[in-house]
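Being a predicted model, the structure only gives us computed values, none of them experimental. A, B, ... follow the sequence lines: proteins, then strands. Residue 1 opens every chain.
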Number of protein chains: 2
Amino acid sequence: MSHGMAIGKASEATGVKVPTIRYYEQIGLLPPPPRTEGNRRTYDRKDADRLTFIRHSRELGFEIDQIRTLLSLQDRPGQSCGEADAIAKARLVEVKEKITSLKALEAELERMVEGCSHGRVESCQVIEILADHGKCKHHQHDT
Amino acid sequence: MSHGMAIGKASEATGVKVPTIRYYEQIGLLPPPPRTEGNRRTYDRKDADRLTFIRHSRELGFEIDQIRTLLSLQDRPGQSCGEADAIAKARLVEVKEKITSLKALEAELERMVEGCSHGRVESCQVIEILADHGKCKHHQHDT
DNA sequence: CCTACATCCTCCAGTGGCTATAGGAGCAAG
DNA sequence: CTTGCTCCTATAGCCACTGGAGGATGTAGG
């Protein structure tokens, strides 16, 4: 009765690509599902839910290892959610920092682009700011 | 007379790590410098400037191939800076988009963390929102 | 001159999180 | 029965580095 679906259907249902699903199985994030006679993976509702959970977590920028922790917490509902809370809070801090850093970056790029007089490279603000770090206002930014 | 420096000094002077300098040489971003009798790389002021240019560009999030283009533009000062301008503009758009996307992410993480009553996992907003994509307000976000 | 020790060299493997390709097997419809 | 789709495994590639092994060279002190 259990309406098992093939990997393609699971992919469609969850938005996780087929090779990615196999990859998640390989790294132990998704348990190896039962196979059909013809050796094909069959997934059920629970697997799909797990994949959705993973996808959403990845979209929020959690690392695989953090997702591993979050999943194991989900499996034991009676436990305190302090750890989940801590992971989410840490990610929130990261995101806030990245926003700050990207805003500095945005400001500098804007300065570069606005300063471009569309003339020759020799007087181009874009090139000049890149070349001369002293003309750069901010000090620490990453991707 | 040319005050050539060893790779370690070049690294110190530019903030680019030693293995990264060698890597840039390997991929053709930095020209192979002359060597001493003992086979050690010696860099001059121009090389250091180039490394600084590269580092700064990387900090602003430009890809290696874009930096390749920017460097080749710098080498030919008489040319129009339209291409440099276009690269910077494209990056600016990317950065703006990323900021928007991270703000959506920030909002959702905040909702998760605020909703956490510090009780059991079974009633934890953090886990619940991750599990149920329907509870998610936004639709498209990346790292 | 000899000994430590820092710095340098090359080569190769690993990181994260997938993504793509090759080469084949199974399955459903016409 | 054939066409064409989906599936399987295994392996390699992506980006931009980073680290380690194992050995050569340079330098400062005794």
Just N and O in the side chain of Y24(A): are any of them under 4.0 Å from OP1 or OP2 of dC18(C)?
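Y24(A) to dC18(C) OP1/OP2: side-chain N or O found under 4.0 Å.
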
Does dG17(C) have its OP1 or OP2 closer than 4.0 Å to a side-chain nitrogen or oxygen of R22(A)?
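Checking dG17(C) against R22(A), no side-chain N or O comes under 4.0 Å of OP1 or OP2.
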
Answer yes when D49(B) and K46(B) have at least one side-chain N-carboxylate O distance shorter than 4.0 Å, and no when they do not.
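A salt bridge is absent here (no side-chain N lies under 4.0 Å from a carboxylate O).
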
Mind listing the side-chain donor-acceptor pairs of residues 18-27 of chain B below 3.5 Å, one per line with the distance, residues two or more places apart or on another chain?
residue, atom, partner, partner atom, Å
E25(B), OE1, R41(B), NE, 2.7

Give I27(A) one of three labels, base, sugar-phosphate or nothing, depending on what nucleic acid heavy atoms sit under 4.0 Å from its own.
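The answer is nothing, as I27(A) stays clear of every strand by at least 4.0 Å.
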
All salt bridge (Lys or Arg N to Asp or Glu O under 4.0 Å) counterparts of [X], not counting sequence neighbours:
{"X": "E110(A)", "answer": "K96(B)"}
{"X": "E97(A)", "answer": "none"}
{"X": "D85(A)", "answer": "K89(A)"}
{"X": "E94(A)", "answer": "R91(A)"}

side-chain contact (heavy atoms from CB on, under 4.5 Å) involving [X] - partner list, sequence neighbours excluded:
{"X": "T42(A)", "answer": "P34(A), T36(A)"}
{"X": "S72(A)", "answer": "R76(A)"}
{"X": "E83(A)", "answer": "T69(A), L73(A)"}
{"X": "T100(B)", "answer": "none"}

Output the rounded distance in Å from CD (E25(A)) to P (dG17(C)).
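Atom CD in E25(A) sits about 18 Å away from atom P in dG17(C).
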
If you find the nucleotide of DNA chain D closest to Q26(A) and the one closest to G8(A), which residue's nucleotide is nearer the 5' end?
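First, find each residue's nearest nucleotide; the 5'-ward one identifies G8(A).
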
Nucleotide by nucleotide, 5' to 3', does protein get under 4.0 Å of the base (B), only the sugar-phosphate (S), or neither (-) in nucleotides 19-30 of chain C, counting heavy atoms?
S-----BBS---

Using a 4.0 Å cut-off to any heavy atom of chain A, which nucleotides of DNA chain D are the first and last in contact, reading 5' to 3'?
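Listed 5' to 3', the contact boundaries are dT6(D) to dT9(D).
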
Those residues of residues 62-75 of chain A lying under 4.0 Å from DNA chain C by at least one heavy atom:
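Here the set is E63(A), I64(A).
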
